[in-house]
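Input: a single structure, listed below in structure tokens.
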Amino acid sequence: MEAVQALLQTYLFQDLSPAEVEGLAHLAVERNLVRGEDACRVGDPADELWIIVAGQFKEYRLDPDGNEYVNELMGPGQVFGEPGIFSSERNRVVNVTALEHSTVLTIHRDALFSFLIAHPPAMLRLLEGIASEARTARPEVTMMAYSSLSERVIAKLLQLAQWDETSKRDGVVELQISQSLLASMVGATREKVNRALAPLVEDGLVRLEYRRILLPDIQALRRLVPRDDLDTHPRHRRPRRAQG
């Protein structure tokens with residue numbers, strides 16, 4: 001994929017023309033990462049914007065006991081690293097690791113700053129994205145504290161289903177995610193998540209396959225969780241993909 005096309009597929013540059021992003025595309029550096037390779041770690045300098053061209057990444061943190069909590073899964077057309085390069089601390093507060101062989105473009109913060117100043121539509125998209133991320137954080141913390149595990153699991157499955165627009169096959173949503181990874185996204189063990197999924201499987205609302213979770217009836221799942229929980233996912237989430 002050409003760098004120009006890759007930029008235009010992101011939410012940041014979706015309002016611009018190929019000619020407008022061409023100069024920035026020439027400054028982008030292509031990188032290939034293997035499965036398990038880190039794009040960044042907590043404490044690293046925040047001096048680059050990352051654009052995913054191919055593959056999949058997880059954004060996560062570790063608690064003091066070494067347990068992993070995955071904030072987000074990211075794929076082609078998505079962007080990460082924006083908040084860090086604009087923060088006064090200029091460092092990373094999350095880990096981002098490739099889940100498979102992946103290709104990214106990186107843009108240095110100085111080049112990005114100059115471009116944004118010269119292109120206000122992209123600057124406004126960036127502000128919109130960072131504001132959306134900040135709005136989402138508080139409801140997510142509340143949900144983690146007060147919702148049942150079953151509700152958190154269902155809400156996360158619905159969130160993933162809506163983020164991945166290419167996951168639907170013959171009316172069934174196919175999520176490329178293991179139970180272990182799902183557990184790390186809802187702050188629970190794999191065993192507890194498996195027990196939470198069991199009644200959904202029995203009712204035919206979820207089907208489990210190797211490293212895949214199938215959702216035959218999205219609307220039925222929606223009726224099982226409070227409306228407020230669904231409203232935080234993903235309507236106010238940072239629009240890391242282009243909207244169109």
(request) For E209, look at atom CD and say whether over 12 heavy atoms of other residues, nucleotides or ligands are found less than 6.0 Å away. (result) yes

(request) Indicate yes or no: does R61 engage E68 in a salt bridge with an N to O separation below 4.0 Å. (result) no

(request) Before giving the answer on ring-ring contact (aromatic ring centres under 6.0 Å, His included), spell out for Y69 and Y60 the whole-Å C-alpha distance, their side-chain angles and the decisive distance to 0.1 Å. (result) CA-CA 5 Å; Y69 177 74; Y60 70 99; over 10 Å; no

(message) The criterion is side-chain contact (heavy atoms from CB on, under 4.5 Å); which residues satisfy it with S88, sequence neighbours excluded?
(response) none

(request) Could you check if a side-chain atom of L8 sits within less than 4.5 angstrom of a side-chain atom of P18, using non-hydrogen atoms only? (result) yes

(message) So that I can tick it off, tell me whether R90 and D47 are bridged by a salt bridge, with the cut-off set at under 4.0 angstrom between side-chain N and carboxylate O.
(response) no

(request) For residues N67 and L62, determine if any side-chain heavy atom of one lies less than 4.5 Å from a side-chain heavy atom of the other. (result) no

(message) Assigning hydrophobic clusters by single linkage (Ile, Leu, Val, Met, Phe, Trp, Tyr; side-chain heavy-atom cutoff under 4.5 Å), is I85 placed with I130?
(response) yes

(message) Hydrophobic cluster membership, with links at side-chain heavy-atom distances under 4.5 Å among I/L/V/M/F/W/Y: are I51 and L27 in one?
(response) no

(message) Testing the basics here: between D38 and L33, what is the closest heavy-atom pair and its distance to 0.1 Å?
(response) O-CD2, 3.7 Å

(message) Quick one: does any side-chain atom of S132 pair with a main-chain N or O of E128 as donor and acceptor, under 3.5 Å?
(response) yes

(message) F115: which residues meet the ring pair (Phe, Tyr, Trp, His ring centres under 6.0 Å) condition with it, sequence neighbours left out?
(response) F13, H119

(message) Starting from V42, can I reach M74 by hopping between I/L/V/M/F/W/Y residues whose side chains sit under 4.5 Å apart?
(response) no

(message) Any heavy-atom pair between the side chains of V173 and L214 that's under 4.5 Å?
(response) no

(request) Could you check if a side-chain atom of Y11 sits within less than 4.5 angstrom of a side-chain atom of L126, using non-hydrogen atoms only? (result) yes

(message) Give me the atom names and distance for the closest heavy-atom approach of A155 to V225.
(response) N-CG1, 4.3 Å

(message) Would you say V201 ends up clustered with I154 if hydrophobic residues are merged whenever their side chains have heavy atoms under 4.5 Å apart, either directly or through other cluster members?
(response) yes

(message) Donor-acceptor check, side chain of T10 to backbone of A6, threshold 3.5 angstrom: yes or no?
(response) no

(request) Indicate yes or no: does R212 engage E174 in a salt bridge with an N to O separation below 4.0 Å. (result) yes

(message) So R35 and Q56, do their side chains get closer than 4.5 Å, heavy atoms only?
(response) no

(message) Determine whether a donor-acceptor pair (N or O, by modelled atom type, separation under 3.5 Å) exists between the side chain of D203 and the backbone of L205.
(response) no

(request) Flag yes if more than 12 heavy atoms outside R41 fall under 6.0 Å of its CZ atom; otherwise flag no. (result) yes

(message) According to a hydrophobic-cluster definition based on side-chain heavy atoms being under 4.5 Å apart (Ile, Leu, Val, Met, Phe, Trp, Tyr only), do L127 and F113 belong together?
(response) yes

(message) Looking at R152 and V186, would you say the former's side chain and the latter's main chain have a donor-acceptor pair under 3.5 Å?
(response) yes

(request) Drop me the distance from L105's CG to W50's CH2, to the nearest 0.5 angstrom. (result) 10.5 Å

(request) Kindly give the heavy-atom pair with the smallest separation between I213 and L182, and that separation in Å. (result) CD1-CD2, 3.8 Å

(request) Run through T103, V104, N32 and flag the one making a side-chain contact (heavy atoms from CB on, under 4.5 Å) with V53. (result) T103

(request) Report the residue from L99, T97, V96, L73 that forms a side-chain contact (heavy atoms from CB on, under 4.5 Å) with F57. (result) V96

